Each structure stands twice: as C-alpha cells, then as structure tokens.
2 protein chains.
Amino acid sequence: MALEHAILVSLLEQPGSGYELARRFDRSIGRFWTATHQQIYRVLRRMEADGWVAAEEVAQDGRPDKKVYSAAGPGRAALAEWLREPVEPETVRHELAVKIRAAAFDDPAALTVLIAEVERHRESHSALLARYLHGEQRDFPDLGALDVQQELQHVVLRGGIEFERMNLAWLDDVLTTLRRLADGRGRGTGDREQTSGDRV
Amino acid sequence: MALEHAILVSLLEQPGSGYELARRFDRSIGRFWTATHQQIYRVLRRMEADGWVAAEEVAQDGRPDKKVYSAAGPGRAALAEWLREPVEPETVRHELAVKIRAAAFDDPAALTVLIAEVERHRESHSALLARYLHGEQRDFPDLGALDVQQELQHVVLRGGIEFERMNLAWLDDVLTTLRRLADGRGRGTGDREQTSGDRV
DNA sequence: GTTGCCTATGCAACTCGTTGCATAGGAGGA
DNA sequence: TCCTCCTATGCAACGAGTTGCATAGGCAAC
C-alpha cells in the first residue's frame, strides 16, 4: 500500500487540494499510480489525522472552498522510511493478453472483434505517446540544465515514453498476427486439447 | 474483474486442480494476471456453482486427493461473451517510479539505497527475460509450424520478451542517471519548491 | 528422528478499491 | 429557462485482494 506515498510525492512537488490531486492522478502521476477521488479524500483525511500533511482552508470566489494540503515533517519522515524499503513486485493485470489467448477457444468471428479492439488500443497508446513527447518538449526544453528533481522526473518520463513505444510496436505485431490468422483460418485446430498449460 | 476468465483460459489450455492453477499463476499465465491460491480456490468454487467449470475428484497415491477442474459449456459461453466486451484500461502501479521521484525530496543517502534497489530489479528482470527466451526455445522450436493456439500464445510471449527488454534498457538508463546524480550532488536544490505538479 | 519442504485445500479477518449517490453554487449554452 | 458541466467534498455499501493461520500426509536431508 503506497497511495499515501504517491500523494506525498505529489504534494512535495506541488501542494494542492484533494480535487487537484485527483486531477493530477488522472493526468500526471496517475500514469504510474492510479487513484480515484474517493481514495484520495479518504487517505488525505487519514494522513492529516496522522500529521503527515497539513491542511489549510482556502476560500475562493465563484467556486466552493477548498482544503489545500502540503506535506508535513512526519510525512517526509515516513516517505524517507518507505523509500528505503525494498520495492514489492508489482501485480500485473494485462487483460488484453488474456483475451488474445482466449481467442484460440472461440470461433473466427472473435478474431475480428479482437482486431478492432487492438486497433482501438493502438490509437490510445499512440495518443499517449504523443502527449508524453509534447510534455517533454514543454517541461524539459533544455535537457542540459536540469536540477535533481527534474532529472528524476525526466528519467521516469523517459520510461513512460519507451514503454509506449514498445507497446505500439507490440500492438502492431499483434495486429499483423491476428489478421494473418483471420485470413488463413478455415476451420483450424484452435480447440486442440491438452497442450502444456505451464508454458512461460 | 476477470480472474474467472483468466482461469477459464488456463483450464481450456490444460485442465487442472486449484493448486496446479496457483502454480501456473506463479509461472505462466501469472506473468500478466496474478492471483493467490486463496482467490483461485474461492473463484473456482463460485465457478463450479455457476456451472462454468466441472470438477472431478482424483485420488492420488502418496499425496492428497485433488479436484481437477475443466471448463464447461457455460464457462466457454461466458468467456466468448467477455471476449467481445471492450477491454477496460489497466490500472498501473509502478512503485519504483514513485520512489525515483520521491528521491528528490530526501538526502543523497537515499540515492545510494535506491541504486542498490534498481540493481536488484535489473537482475530479476534479466533473469525473467532469460526464462522467457528459454521457454520460447522449448515450446516453439519451429516457428513455421504453429497452430492458432500456439500462434496466439507466442505473440503474447513476444510481448513479454519485448517488455522485459524495454525494462532492462530503462533500468540501465535509471542507473546511469542515479549514479551521475549521486556523484555530482553536493548539496543540490533537490528540495526546490513549487514546481508544476501537473507534468506529464 | 526431527526438521523442514511439498502437495492440496480451506477459514476468518482485514484492508483496499470501486460504485452509486448526494450536496451545492457558478458558468455557459439552447 | 432549463439543462448540463465543472469545482469541491463526502457517505455508504459492496466486492476484490491480502494475510495469517490450520490441517494432514509424504518425502528427503541432516
């Protein structure tokens, strides 16, 4: 459980209200740590009770008041402690991969549906990559003059960029494969029983 | 929620007991869909009650009896229906990325700890890639003679291979960056306040 | 010959995450 | 004018996932 820590990092980079955090989790830090506004509000209240963050009521004109949070001393200490703990292995959930393997046990029409779905994914990953590259241009125009915080943000961003590039290449590979199978498949042996279920 | 469907795919590829499924989820299909034995046993019971899978008690000598499950008609129908639904966007949890960004708000000693941690990750990803490549050699020796099921398994495996290659390259990038910062950092401005928290 | 690991299944308690809903004022368009 | 969307926060209920523990026989090593 590290939502607290993701929130702390975000608040250290920039204080903000629960609502603003929720928007950041949609746009920025949420690319590698997702959370809904419900989780964020609940965790913020707990963190405030524990003294990890300090809250300040801010009146606004023309819109509801907000509570602006910022990281407090105990929060920074907790973050430092967490940072020194080993990283637990991530739990992976790749639904598309399951569906691709599932398509072997369905009729050829399923392949057509799957191809459309993979194309949709390809589009969204392509748009995300474009957004990453645009953000890189905007936020890191001079790569020779970054401070430590920016260097660390940038190396994470590079990870996102390379991840999306890999994704696009793989989705193209998937599309090529699925189209080939959709063409060449008369009534193939897709339902072949009893193969090894212990494959890598 | 698609654990049921991942289990169905695994059972269609090869029937097995809850225990065997849990082992597969550690080794094979679990690379893109994780589950503990608790989840698997619970879900299997529910699936059996719903008629999605059929169970057969198998007595063994020298070890406890087991219940071997296989996918039943309603399960296949449910899988076909699920396959035609759009894939919901995956929730990402990249703890290491959060820690890298968190390191900006800690003292230089944190960088040293983080470097060791990244090296550890690099080792495990390297081992996983080797295992994927070995599994590819073992299970797909003749890439020109694959049936539909094998083609689909192989394209997913290629995704795993490319994912791990990208991971290794990025972790090397991270290590280079962290080492550079750990060297050159006197008392830098890592705590610079008020930067944009809405970066990509 | 006892210690520890492997197979095989399961209960109970807990935390985390999701979903639906509610409030409430202001902005902007049909 | 009404409808919808946006900001801003929150409650309540549910479902998913995690953790710790329990049983129980067999096998292998020390």
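Below, each value reflects all heavy atoms present in this structure, side chains not excepted, and no hydrogens, waters or symmetry copies. Keep in mind it's a predicted model, so treat the numbers as computed, not measured.
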Legend entry - hbond_proxy B/Q38 side chain to C/dC11 base (donor-acceptor, 3.5 Å cutoff): yes
Inset, instruction - Write down the distance between NZ (B/K66) and C1' (D/dA24), rounded to a whole number of angstrom. - result: 18 Å
Inset, instruction - Ignoring the backbone of B/Q39, work out which of C/dC6, D/dG17, D/dA16 is nearest its side chain. - result: D/dG17
Taking distance alone, no hydrogens or angles, what donor-acceptor pairs closer than 3.5 Å link side-chain atoms of residues 154-161 of chain B to residues at least two apart or in another chain?
residue: B/H154; atom: ND1; partner: B/R158; partner atom: NH1; Å: 2.7
residue: B/H154; atom: NE2; partner: B/E136; partner atom: OE2; Å: 2.8
residue: B/R158; atom: NE; partner: A/D173; partner atom: OD2; Å: 2.7
residue: B/R158; atom: NH2; partner: A/D173; partner atom: OD1; Å: 2.9
residue: B/R158; atom: NH2; partner: A/D173; partner atom: OD2; Å: 3.4
residue: B/R158; atom: NH2; partner: A/T177; partner atom: OG1; Å: 3.1

Legend entry - Carboxylate-amine/guanidinium proximity below 4.0 Å for A/R180 and B/E151: yes
Inset, instruction - In whole angstrom, give the distance that lies between atom CG of B/L44 and atom P of C/dC11. - result: 13 Å
Inset, instruction - Among B/L11, B/L8, B/I40, find the residue that satisfies the side-chain contact (heavy atoms from CB on, under 4.5 Å) test when tested with B/Y69. - result: B/L11
Inset, instruction - Return yes if some donor-acceptor pair links the side-chain N/O of A/E95 with the main-chain N/O of B/A2 below 3.5 Å, else return no. - result: no
Inset, instruction - Measure distances between side-chain N and O atoms of A/R93 and base N and O atoms of D/dG17, and say whether any donor-acceptor pair falls under 3.5 Å. - result: no
Inset, instruction - Using atom CG of A/L21 as one end and atom P of D/dG10 as the other, report the distance to the nearest whole Å. - result: 13 Å
Inset, instruction - Starting from P on D/dA8, measure out to CD on A/E20 and report it in whole angstrom. - result: 6 Å
Legend entry - Length of the NZ-C1' vector between A/K67 and D/dG10, whole Å: 11 Å
Inset, instruction - Could you tell me whether B/R122 and B/E119 make a salt bridge, using a distance below 4.0 angstrom between a side-chain N and a carboxylate O? - result: no
Legend entry - Short side-chain N/O contact from A/Y41 to OP1 or OP2 of D/dG10, under 4.0 Å: no
Legend entry - Candidate nucleotides D/dT9, D/dG10, C/dG10, ranked by approach to the side chain of A/R45 - the nearest: D/dG10
Legend entry - Among C/dC6, C/dG10, D/dG10, the one nearest B/Y19 by side-chain distance: C/dC6
Inset, instruction - Write down the distance between CG (B/D26) and P (C/dT7), rounded to a whole number of angstrom. - result: 11 Å
Legend entry - Which residue lies more 5' along DNA chain C, comparing B/T91 with B/D65 via nearest heavy atoms: B/D65
Legend entry - Donor/acceptor link under 3.5 angstrom from B/R42 side chain onto base of D/dG15: no
Legend entry - Along DNA chain C (nearest heavy atom to each residue), the more 5'-positioned of B/P64 and A/R63: B/P64
